[in-house]
A.B. asks: 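A single structure is presented below for examination.
A quick note: this is a predicted structure, and the numbers were derived from the prediction, not measured.
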Amino acid sequence: MDVRYPIGRFEFDGEITFGEIDGWIKEMEELASLLRDAVKDLNDEQLDIPYRSGGWTIRQVVHHLADSHMNAYIRFKWALTEDNPVIKPYEEGQWAELSDSNLSVDTSLSLLEALHIRLVNLLRSLSPEDLKRTFIHPESGQVSVGRNIGIYAWHGRHHVAHITNLRKKMNW
């Protein structure tokens, strides 16, 4: 197993159906709870251990999920209210080094819980036409709203697996 991609990379080449969308939204709805369970009872020393050599600490992963999903929320709203907008990427590695990434993980867990209430509500309201709307990512190209739902459902599972795999490896 590649520790960088414990569940593999996001891959979906088929037609995106409402069944797929519904499953992805349910995964997003469960993310904050799964993440909270993944870090439950870890002390500060454990939270500050990287999930892999050269990788982020568990604490940074938790804060990264909040950062990333805040950006995703804004990207969804742009795509739903503007015609094929060009979104601004961010330097996630540099964000992970900023001082707020040293805060208690509870800060980002609470943020993610609240954010996902809004995000899931928004995503459940989308029509078939909304799912086809797009934005332009300067590095990834054109991305549909439907595909982006899948990407962020995968993204949450991907990082929870980083934490749970380290816990298993360390027997925590």
A.B. asks: Distance-only, no hydrogens or angles: does the S125 side chain make a donor-acceptor pair with backbone N or O of L122 under 3.5 Å?
C.D. replies: yes
A.B. asks: Sub-3.5 Å donor-acceptor pair from the side chain of R59 to the main-chain atoms of L47, do we have one?
C.D. replies: no
A.B. asks: Count I, L, V, M, F, W, Y as connected when their side-chain heavy atoms are under 4.5 Å apart, and connections chain through other members. Are L98 and I58 then in the same cluster?
C.D. replies: no
A.B. asks: Show, in sequence, the C-alpha distance, side-chain angles and deciding distance for Y152 and R147, and conclude whether the side-chain hydrogen bond (donor to acceptor under 3.5 Å, both in side chains) test is met.
C.D. replies: CA-CA 9 Å; Y152 278 91; R147 183 170 181 80; over 6 Å; no
A.B. asks: State whether the side chain of H116 and the backbone N or O of M28 hold a donor-acceptor pair below 3.5 Å, judged by distance alone.
C.D. replies: yes
A.B. asks: Name the residue from H158, R157, H159 that meets the side-chain hydrogen bond (donor to acceptor under 3.5 Å, both in side chains) definition with H155.
C.D. replies: H159
A.B. asks: For the pair V39 and L109, evaluate side chain to side chain contact (heavy atoms under 4.5 Å, CB included) and give the outcome as yes or no after the intermediate values.
C.D. replies: CA-CA 10 Å; V39 298; L109 291 169; 3.9 Å; yes
A.B. asks: Would W95 and L103 show up in the same hydrophobic cluster when neighbours are defined by side-chain heavy atoms closer than 4.5 Å?
C.D. replies: no
A.B. asks: Looking at every non-hydrogen atom in both residues, tell me the closest pair between A66 and L112 and how far apart they are.
C.D. replies: CA-CD1, 3.9 Å
A.B. asks: Tell me which donor-acceptor pairs under 3.5 Å the side chains of residues 83-91 have, and how far apart each pair is, sequence neighbours excluded?
C.D. replies:
from: N84; atom 1: OD1; to: T134; atom 2: OG1; distance (Å): 2.6
from: N84; atom 1: OD1; to: Q142; atom 2: NE2; distance (Å): 3.3

A.B. asks: Heavy atoms only: give me the nearest Q60-W56 pair and the separation to one decimal.
C.D. replies: OE1-CA, 3.4 Å
A.B. asks: Give, for atom NE2 of H162 and atom OG1 of T57, the distance between the pair rounded to the nearest 0.5 Å.
C.D. replies: 12.5 Å
A.B. asks: Please tell me whether I117 and V62 are part of a single hydrophobic cluster in this structure, the criterion being side-chain heavy atoms less than 4.5 Å apart.
C.D. replies: no
A.B. asks: Is there a donor-acceptor contact under 3.5 Å from the side chain of S101 to the main chain of E97?
C.D. replies: no
A.B. asks: When you compare the side chain of L131 with that of I16, does any pair of heavy atoms fall below 4.5 Å?
C.D. replies: no
A.B. asks: On a heavy-atom basis, which atom in W154 and which in G8 lie closest, and how many Å separate them?
C.D. replies: NE1-O, 2.9 Å
A.B. asks: Would you say the side chain of D67 lies within less than 4.5 Å of the side chain of E92, judging by non-hydrogen atoms?
C.D. replies: no
A.B. asks: For the residue pair N148 and F135, establish whether any side-chain heavy-atom pair is separated by less than 4.5 Å.
C.D. replies: yes
A.B. asks: With no hydrogens and no angle check, is any side-chain donor or acceptor of E113 less than 3.5 Å from a backbone partner on A32?
C.D. replies: no
A.B. asks: Check the pair H64, H69 against ring pair (Phe, Tyr, Trp, His ring centres under 6.0 Å), reporting the backbone distance first and the verdict last.
C.D. replies: CA-CA 8 Å; H64 163 71; H69 288 227; 8.1 Å; no
A.B. asks: Hydrophobic clustering (ILVMFWY, side-chain heavy atoms < 4.5 Å, transitive) - are I49 and Y51 grouped together?
C.D. replies: yes
A.B. asks: Just by distance, with hydrogens left out, do N71 and S68 show a side-chain donor and acceptor under 3.5 Å apart?
C.D. replies: no
A.B. asks: Could you check if a side-chain atom of T164 sits within less than 4.5 angstrom of a side-chain atom of D37, using non-hydrogen atoms only?
C.D. replies: no
A.B. asks: Decide yes or no on side chain to side chain contact (heavy atoms under 4.5 Å, CB included) for V105 and S108, but give the supporting numbers first.
C.D. replies: CA-CA 5 Å; V105 294; S108 282; 5.9 Å; no
A.B. asks: Side chains of W24 and E27, heavy atoms from C-beta outward: is any pair under 4.5 Å?
C.D. replies: yes
A.B. asks: Might you work through the side chain to side chain contact (heavy atoms under 4.5 Å, CB included) test for L42 and R167, ending with a clear yes or no?
C.D. replies: CA-CA 9 Å; L42 293 180; R167 287 190 77 143; 3.6 Å; yes
A.B. asks: Can a donor-acceptor pair be found, under 3.5 Å and without considering hydrogens, that links the side chain of R133 to the backbone of G146?
C.D. replies: no
A.B. asks: Is the number of heavy atoms from other residues, nucleotides or ligands within 6.0 Å of CZ (R52) greater than 12?
C.D. replies: yes
A.B. asks: Applying side chain to side chain contact (heavy atoms under 4.5 Å, CB included) to L35 and I163, what does each step give before you reach the verdict?
C.D. replies: CA-CA 9 Å; L35 185 59; I163 297 166; 3.6 Å; yes
A.B. asks: Can you get from I136 to W78 by hopping between Ile, Leu, Val, Met, Phe, Trp and Tyr side chains that sit under 4.5 Å apart?
C.D. replies: no
